[in-house]
Amino acid sequence: MNQHADLLLRGGTLLTPNGRQIADIACRQGRIVALGDLRQWSSDQHLNLTGLHVLPGVIDSQVHFRQPGLEHKETIEAGSRGAVLGGVTAFFEMPNTHPLTLSGADLQAKLDIAANSSWCDYAFYIGGSASNRNEMLALEQLPGSAGIKVFMGSSFGDLLTDNDDVLRQLLSHGQRRLAVHAEDQARLIARKQQLGDNHSVHLHPHWRDEQSALLATQKVVRMAEQAGRRLHLLHVSSAAEMAFLAHHKRLVTVEVTPHHLTLAAPGCYEQLGTLAQMNPPVRDQRHQDALWAAINNGLVDVIGSDHAPHTLAEKQHPWPDSPSGMTGVQTLLPIMLDHVHAGRLSLQRLVDLTSAGPARVFGIAGKGRLAVGYDADFSIVDLQAQRTIRNPWIASISGWTPYDGRQVTGWPIHTVVRGHVVVQDETLMTRPAAQTIKFTESFFAEPS
Ligand code: DOR
């Protein structure tokens with residue numbers, strides 16, 4: 001056997017399917033070709049990883065990179081640059097751009113931008129709506145499509161499916177796991193009218209209350225069970241939803257976000273004002289505790305950042321005219337490593353949530369696992385490194401993070417995308433030839 005690698009990672013502590021092991025990794029043509037004691041191997045490039053932990057590349061399955069149309073908030077280039085600086089090696093991007101991503105042409109426009117500017121691998125969601133409901137099966141199978149995303153409650157942008165008949169049709173016209181933002185639109189409208197002239201952002205979780213989330217979650221899960229369709233519930237935020245979802249795991253997978261696990265009302269609104277405003281909202285400690293319980297009992301499948309940048313000027317509008325959303329792709333791994341350091345979850349569980357979980361839930365081909373034959377995507381971290389997260393570190397066009405000034409323990413040091421060292425010693429290197437993420441359930445022949 002030819003024992004020459006393009007890239008050799010020496011002496012890291014690997015998080016493999018067999019558990020933790022100190023070993024070397026050889027990569028050739030973007031894939032892992034050997035794991036173990038590889039002292040006999042030679043290579044064009046090597047990294048000495050003594051003292052560092054090697055995780056399968058983190059896959060962020062929920063980001064809003066705003067391009068095309070909203071480039072003053074974010075671009076695919078800046079968003080993905082933040083991703084790799086934060087140790088993320090692949091992303092799924094959301095369809096509430098301008099124009100909305102509703103057709104094959106809309107998807108292709110994003111794929112063209114990403115092919116020329118992304119720092120890591122990518123897939124794009126297509127929005128499910130009344131206008132394209134009959135084309136779901138074809139759209140979800142397109143190369144580069146992450147599947148279909150539905151907004152049941154209005155958030156940012158015009159994408160909304162608040163009609164039960166349309167929702168039923170979307171559920172019956174596709175096969176891949178349908179991703180859902182579950183908040184009940186009728187209840188949101190009714191409760192907003194009751195708010196009156198109060199501009200306190202503290203009302204955000206009262207307006208979009210636990211019941212708004214629960215009603216929509218219950219409705220879509222019951223409809224999905226009637227249709228026999230698998231669902232992925234995005235950013236689950238409440239105790240009641242977790243209790244309900246525990247009885248529906250046959251068809252339903254669950255995402256939580258780092259901000260729902262880290263921030264809590266009322267303190268976050270006191271400290272951050274509208275910077276803490278997200279949909280669904282950050283709620284009080286009781287809900288955060290329920291989300292952590294669902295992390296620890298295995299109910300949660302995936303952590304996604306819901307990176308949703310708006311400019312600071314936009315965020316300064318008085319609530320509720322301030323847009324909901326905060327950055328998160330670059331801080332996902334540092335914040336979660338800090339939770340690992342604090343003993344809230346194990347590193348193995350984190351890998352399950354950020355690499356193996358997305359691969360399993362969405363049927364991602366060749367990613368999410370440190371194993372021979374898989375893509376050479378690595379998030380290489382120092383579990384002891386202490387850093388302070390600061391706004392100037394944030395690559396997003398919006399230029400801010402709710403964690404500005406927060407000290408964390410655990411930090412991404414090197415990021416490797418299919419054998420290409422994109423970040424080395426926390427420094428951005430050159431852009432890799434980023435590619436579409438491939439899916440086992442929408443297999444399409446490609447030139448190799
Ligand atoms: O807070 C949010 N902002 N939640 C969403 O679901 C959408 C997002 C955005 O696009 O700004």
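We use all heavy atoms of the structure for the numbers below, so side chains are in, but hydrogens, waters and symmetry mates are not. Indexing begins at 1, ligand by ligand and atom by atom, following the structure's order.
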Applying ring pair (Phe, Tyr, Trp, His ring centres under 6.0 Å), which residue pairs with at least one partner in residues 330-354 are found, sequence neighbours left out?
Trp292-His339
Decide whether Thr97 and Lys110 meet the rule of one side-chain donor and one side-chain acceptor closer than 3.5 Å.
yes
Looking at atom 4 (N) of ligand 1, what's its closest protein heavy atom, distance included?
Asn279 O, 2.8 Å
Would you mind listing which atoms of ligand 1 come within a distance below 4.0 Å of any non-hydrogen atom of Phe151?
6 (O)
Please report whether ligand 1 has a polar contact with His310, defined as an N or O pair separated by less than 3.5 Å (distance criterion only).
yes
Under a heavy-atom criterion of less than 4.0 Å, does Gln277 contact ligand 1?
no
Nearest protein heavy atom to atom 8 (C) of ligand 1, by residue and atom, and its distance?
Ala308 CB, 3.6 Å
Which residue and heavy atom of the protein sit nearest atom 5 (C) of ligand 1, plus the separation:
Ser155 OG, 3.0 Å
Kindly write out the residues that satisfy side chain to side chain contact (heavy atoms under 4.5 Å, CB included) with Arg168, not counting sequence neighbours, or none if the list is empty.
Asp164, Asp165, Met223
Going by the angle between their ring planes, with limits at 30° and 60°, are Phe124 and Tyr122 parallel, tilted or perpendicular?
tilted
Just by distance, do the side chain of Thr440 and the backbone of Gly363 share a donor-acceptor pair under 3.5 Å?
yes
For Gly325, the ligand 1 atoms with a heavy-atom partner under 4.0 Å come out as 1 (O), 3 (N)
